[in-house]
Number of protein chains: 2
Amino acid sequence: MSLTGIFPIDKWNFRSQSIFLNLPDEEYELLCANQQEQVFEQGEIIFREGGIPSGIYFIKYGKIKKYKADKDGREQIIYVANTGEIIGYHAILGDDRYPDSAAALEDCLLKFVPKEDFLAALQQSPILTQRLLKALSHEFAVLSNTISVFAQRSVKERLAIALIVLREKYKDDSAPGEEVTINISRTDLANIVGTAKENVVRFLKEFKEQQLIHTAGRKIHIIDIKKLIEISNYVS
Amino acid sequence: MSLTGIFPIDKWNFRSQSIFLNLPDEEYELLCANQQEQVFEQGEIIFREGGIPSGIYFIKYGKIKKYKADKDGREQIIYVANTGEIIGYHAILGDDRYPDSAAALEDCLLKFVPKEDFLAALQQSPILTQRLLKALSHEFAVLSNTISVFAQRSVKERLAIALIVLREKYKDDSAPGEEVTINISRTDLANIVGTAKENVVRFLKEFKEQQLIHTAGRKIHIIDIKKLIEISNYVS
DNA sequence: CTGTTGCGTTGATAAAAATCAATTTTTCAG
DNA sequence: CTGAAAAATTGATTTTTATCAACGCAACAG
């Protein structure tokens with residue numbers, strides 16, 4: 001089931017995967033010079049909002065939630081980064097502290113590139129710079145899209161959107177042809193949608209009764225994505 | 001009344017003002033080569049979401065709302081750009097269509113720089129590129145901040161924040177020492193806060209009764225910004 | 001000066017969402 | 001396999017927010 005033409009999935013995903021692809025050798029080696037592989041287990045925090053950045057992370061595999069916590073500890077997930085994406089560059093490029101926190105949604109393998117190497121590569125690579133500019137500009141589109149959805153859409157609509165978007169992210173994890181399994185806690189799902197987990201449970205139940213999804217424990221399978229897109233009430 | 005230390009105003013403003021400042025002559029002249037001054041009256045649309053970009057706009061004076069409209073026509077204002085800022089560069093840098101619409105909140109004077117000139121300047125100016133990267137990274141922080149506020153804060157809190165932020169934007173328009181006047185329609189204010197205009201009116205009335213603000217027609221004066229910051233319940 | 005029109009305001013009501021309190025199910029260590 | 005802890009689910013209730021309808025005021029064209 002392709003979403004082409006029926007759901008604007010590109011407005012929901014960043015484009016940092018392509019940044020390090022096919023770079024000139026010299027620049028690529030600069031980036032790799034002091035890189036370090038790091039394993040993060042499910043739930044582990046990679047960096048915290050307000051912390052001083054020391055480098056960037058390339059996701060070899062795994063999913064990472066980027067979120068902000070309010071003072072009562074409630075998290076709002078801003079974005080779910082997937083295999084192949086890069087995180088942690090905003091703080092370094094902006095010469096600032098981390099604007100958000102990052103934690104592993106599942107066991108992850110990351111490649112850490114120290115700040116100095118990243119900045120050095122940037123210095124001498126117009127291609128890298130150009131790609132970053134393009135990626136960041138696209139992120140603006142994604143985030144402003146998210147803002148308008150939060151401001152204008154109901155919880156049920158937002159949950160439908162979240163399921164559609166998550167299905168794309170979990171696609172790579174299942175064998176082609178096989179049904180996609182969204183494997184995420186109700187609490188994290190609620191923190192993506194921006195509501196209480198009780199509401200998530202209730203609407204999931206409704207979707208289940210309408211035969212749009214199927215659940216088994218925390219796992220969610222999407223059965224009728226077209227209906228979900230209808231419910232999301234979200235076009236163009 | 002400075003907000004330093006009591007409200008993180010930098011998390012609410014972009015930093016595109018500095019991008020064109022003190023550029024090397026050669027690059028600056030490239031940008032100016034075919035620039036064109038354009039007047040936009042209050043309410044006039046500068047560009048529309050989905051449109052193909054033809055250049056960027058530097059705001060000589062005036063305020064511009066950047067917004068997204070849903071299919072019922074309700075606008076969500078993503079950001080209010082002020083004198084000195086630049087708009088319209090995301091679409092060009094991202095090689096995409098406009099991610100949002102822009103319209104004049106008041107009479108404006110803009111300097112239009114054609115896409116080709118902007119890209120040419122970019123091509124040969126590492127400083128310009130670097131500044132844009134920094135500005136865009138900061139915008140990520142601003143927008144993710146906005147998302148968490150929409151997801152986690154009540155209408156009353158969001159209105160308090162909007163008033164604090166708008167006061168900063170309207171500061172430049174009033175003589176130093178003089179009281180700041182926020183001059184914006186209730187509908188636009190509601191579309192910033194992300195609620196119905198009736199709710200805005202009701203909470204403004206409450207703020208008025210608590211002596212936090214004063215209103216005269218559409219105009220709003222802030223009397224007690226410290227209390228507003230308390231109400232906004234927004235720290236760090 | 002005056003009628004019209006848009007905008008701001010108010011009140012009443014309906015709908016949506018959050019919160020609180022249990023209870024059931026799942027997970028996982030031992 | 002088993003018991004404890006964590007997570008998911010359900011129901012009842014309160015709070016918040018949106019919607020609908022009406023009215024008053026102010027700006028403005030003629």
Side-chain angles (χ1 to χ4, degrees), chain A residues 41-43 65 70 72-76 105-107 148-163 181-209 213-221 231-233, chain B residues 41-43 65 70 72-76 105-107 148-163 181-209 213-221 231-233:
Chain A
E41 287 176 18
Q42 186 173 95
K65 61 177 172 184
D70 67 12
D72 307 322
R74 198 169 95 72
E75 297 176 1
Q76 176 57 40
L105 272 179
E106 55 195 31
D107 294 348
S148 72
V149 165
F150 269 107
Q152 298 178 327
R153 303 284 169 190
S154 69
V155 168
K156 194 205 280 195
E157 290 170 329
R158 300 204 304 266
L159 176 59
I161 292 172
L163 291 174
T181 300
I182 296 171
N183 189 346
I184 191 171
S185 75
R186 295 291 184 265
T187 299
D188 279 331
L189 186 50
N191 291 341
I192 290 174
V193 173
T195 187
K197 68 170 182 295
E198 292 95 326
N199 292 324
V200 164
V201 170
R202 271 184 265 270
F203 285 119
L204 284 179
K205 190 181 174 188
E206 193 182 314
F207 291 166
K208 226 172 352 181
E209 286 164 358
I213 64 170
H214 177 255
T215 68
R218 59 146 46 183
K219 291 175 183 165
I220 301 171
H221 294 271
I231 287 174
S232 80
N233 202 13
Chain B
E41 287 174 18
Q42 186 173 95
K65 62 177 171 184
D70 66 13
D72 308 321
R74 199 170 95 71
E75 297 175 1
Q76 177 58 40
L105 272 180
E106 55 194 31
D107 294 350
S148 72
V149 165
F150 269 106
Q152 299 178 328
R153 303 284 167 190
S154 69
V155 169
K156 195 205 281 194
E157 290 170 329
R158 299 204 306 267
L159 177 60
I161 293 171
L163 291 174
T181 301
I182 297 172
N183 189 347
I184 192 171
S185 75
R186 294 293 184 262
T187 300
D188 279 331
L189 186 51
N191 290 343
I192 290 174
V193 174
T195 188
K197 69 169 183 294
E198 292 95 326
N199 291 326
V200 164
V201 170
R202 271 184 265 270
F203 285 120
L204 284 179
K205 190 180 172 188
E206 194 180 313
F207 291 167
K208 226 173 352 183
E209 286 164 357
I213 64 169
H214 177 254
T215 69
R218 56 142 54 179
K219 291 175 183 166
I220 301 170
H221 294 270
I231 287 174
S232 80
N233 203 15

Would you kindly give the [atom1]-to-[atom2] distance between [X] and [N], to the nearest whole Å?
| X | N | atom1 | atom2 | answer |
| --- | --- | --- | --- | --- |
| B:Glu206 | C:dT10 | CD | P | 13 Å |
| A:Asp188 | D:dA7 | CG | P | 10 Å |
| B:Arg186 | D:dG24 | CZ | C1' | 15 Å |
| A:Ile182 | D:dA8 | CD1 | P | 14 Å |
| B:Lys156 | D:dT16 | NZ | C1' | 11 Å |
| B:Lys197 | D:dA18 | NZ | C1' | 12 Å |
| A:Asp72 | C:dC20 | CG | C1' | 16 Å |
| B:Phe203 | C:dT9 | CZ | P | 15 Å |

**Complete:** With the side chain defined as heavy atoms from C-beta on, A:Val201 is closest, among C:dT9, C:dA17, D:dT9, to D:dT9

**Prompt:** Would you call B:Phe207 and B:Ile231 a side-chain contact if the rule is heavy atoms closer than 4.5 Å?
**Reply:** yes

**Message:** Given 3.5 Å as the limit, does a donor-acceptor pair link the side chain of A:Arg158 with the main chain of A:Arg153, or not?
**Reply:** yes

**Prompt:** Is there a donor-acceptor contact under 3.5 Å from the side chain of A:Gln152 to the main chain of B:Arg74?
**Reply:** yes

**Prompt:** On DNA chain C, nearest-nucleotide positions of A:Thr195 versus A:Ala216: which is more 5'?
**Reply:** A:Thr195

**Message:** If you assign each of A:Val155 and B:Thr187 to its closest nucleotide in DNA chain C, which residue comes earlier from the 5' end?
**Reply:** B:Thr187

**Asked** Hey, is the side chain of A:Arg202 pairing donor to acceptor with the base of D:dG11 inside 3.5 Å?
**Response** yes

**Message:** Taking any heavy-atom pair under 4.0 Å as a contact, classify B:Arg218: base, sugar-phosphate, or nothing.
**Reply:** sugar-phosphate

**Fill in**
d(B:Ile184 CD1, B:Lys65 NZ) to nearest 0.5 Å is 8.0 Å

**Request:** Could you tell me whether the phosphate oxygens of D:dT16, OP1 or OP2, come under 4.0 Å of any side-chain nitrogen or oxygen in B:Asn199?
**Result:** no

**Asked** Hey, which of B:Thr215, B:Ile213, B:Ile220 is the one that makes side-chain contact (heavy atoms from CB on, under 4.5 Å) with B:Ile182?
**Response** B:Ile220

